[in-house]
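The figures that follow rest on heavy atoms only: side chains count, while hydrogens, waters and symmetry mates do not. Residue indices begin at 1 and follow the sequence shown.
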Amino acid sequence: MTDTQTISVTVNGETASAAVPVRQNLVDFLRNTLGLTGSHVGCEHGVCGACTLEVDGAMVRGCLMLAVQADGAKVTTIEGYGDRAAALRAAFIDRNALQCGYCTPGMLASALEYVEGGGGADRAAIREHLSGNYCRCTGYQSIVDAVCDVIEGESS
């Protein structure tokens with residue numbers, strides 16, 4: 001068994017190739033090799049959601065996915081959401097939902113999945129959807145307010 005494997009991934013629209021340790025998780029590859037530090041490593045058990053990012057259109061925990069598993073995949077990080085997340089970013093700012101900011105990329109990713117999935121401005125449903133993301137500042141109220149603002153703005 002080799003210790004490294006060369007992978008090629010499309011990250012935020014740009015192709016990147018690199019030899020990676022076969023046991024390196026995706027978020028460490030993105031942060032340490034590609035310099036995309038938006039996604040954070042929190043618990044390294046997939047529980048806190050700080051490493052949430054998109055792989056081939058599905059939200060995943062970047063700490064639970066090996067970089068070699070992303071070979072050939074299309075990865076979108078918080079740096080690559082662009083206009084897709086503009087309304088959510090603005091609402092997080094307006095509602096002071098950023099708190100310390102550590103959980104924000106994962107929260108935005110999960111909130112984006114909820115909004116793009118057609119979720120309603122149902123506070124309980126939003127809380128359920130975001131329940132896999134921890135905010136250590138306990139800023140959930142503001143985060144849920146921000147998601148509701150975006151949904152209500154889009155629906156009016």
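Counting only heavy atoms from C-beta outward, the side chains of Tyr114 and Ile151 approach each other to under 4.5 Å. Counting heavy atoms from C-beta on, the side chains of Val144 and Arg127 come closer than 4.5 Å. Val20 places a side-chain heavy atom less than 4.5 Å from the side chain of Val68. Ser8 places a side-chain heavy atom less than 4.5 Å from the side chain of Asp71. The closest side-chain heavy-atom distance from Leu36 to Val11 is below 4.5 Å.
For the atom pair CE (Met107) and CZ (Phe92), the distance works out to 7.0 Å, reported to the nearest 0.5 Å. Taken to the nearest 0.5 Å, the CG atom of Leu26 stands 4.5 Å off from the CG atom of Leu30. Atom CD of residue Gln5 and atom CD1 of residue Ile7 lie 8.0 Å apart, to the nearest 0.5 angstrom. Note: Thr104 OG1 to Leu98 CG = 5.0 Å, rounded to the nearest 0.5 Å. Taking OG1 from Thr77 and CG from Leu53, the interatomic distance works out to 7.5 Å, rounded to the nearest 0.5 Å. Taking CG of Leu108 as the reference point, atom CZ of Arg84 lies at 11.5 Å (rounded to 0.5 Å).
Under a 4.0 Å N-O distance rule, the pair Arg95/Asp145 qualifies as a salt bridge.
Judged by distance alone, the side chain of Glu79 and the main-chain N or O of Thr37 form a donor-acceptor pair under 3.5 Å. With Tyr134 contributing its side chain and Gly42 its backbone, the two residues share no donor-acceptor pair below 3.5 Å. For His45 (side chain) and Cys43 (main-chain N/O), a donor-acceptor pair under 3.5 Å exists by modelled atom type. Side chain of Asp149 to main chain of Ala91: no donor-acceptor pair is present (N/O by atom type, distance under 3.5 Å, no hydrogens or angles). In this structure, Asp83 contributes its side chain and Ala86 its backbone to no donor-acceptor pair below 3.5 Å. Under a 3.5 Å cut-off, the side chain of His40 and the backbone N or O of Cys103 do not form any donor-acceptor pair. Remark: the backbone N or O of Cys135 is paired with a side-chain donor or acceptor of Tyr140 at under 3.5 angstrom. Looking at Glu44, its side chain never comes within 3.5 Å of a backbone N or O of Cys63 through a donor-acceptor pair. Of the possible donor and acceptor atoms, none in the side chain of Asn25 sits under 3.5 Å from a partner among the backbone N and O of Leu66.
The two residues Thr33 and Ala18 come nearest to each other via the heavy atoms CG2-CB, 4.1 Å. The two residues Arg136 and Cys48 have their closest heavy-atom pair at NH2-CB, 3.9 Å. Closest approach of Gly72 to Val9, counting heavy atoms only: N-CG1, 4.3 Å. Residues Ser142 and Gln99 approach most closely at OG-NE2, 4.5 Å, considering heavy atoms.
Transitive grouping of hydrophobic side chains (ILVMFWY, heavy atoms separated by less than 4.5 Å) keeps Leu64 and Val47 in distinct clusters. When hydrophobic clusters are built by joining Ile, Leu, Val, Met, Phe, Trp and Tyr residues whose side-chain heavy atoms come closer than 4.5 Å, directly or via intermediates, Tyr102 is not grouped with Leu88.
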Does the salt bridge (Lys or Arg N to Asp or Glu O under 4.0 Å) test come out yes or no for Lys74 and Glu54, once each step is laid out?
-> CA-CA 8 Å; Lys74 179 181 173 187; Glu54 189 175 318; over 6 Å; no

From CA spacing to verdict: side chain to side chain donor-acceptor pair (under 3.5 Å), Arg61, Thr52 = CA-CA 5 Å; Arg61 299 291 199 240; Thr52 305; 2.7 Å; yes

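Enclosure of atom CD in Glu128 is not indicated, since only 12 or fewer non-hydrogen atoms of other residues, nucleotides or ligands lie within 6.0 angstrom.
For Ser110 and Asn133, the side-chain atoms include at least one donor-acceptor pair closer than 3.5 Å.
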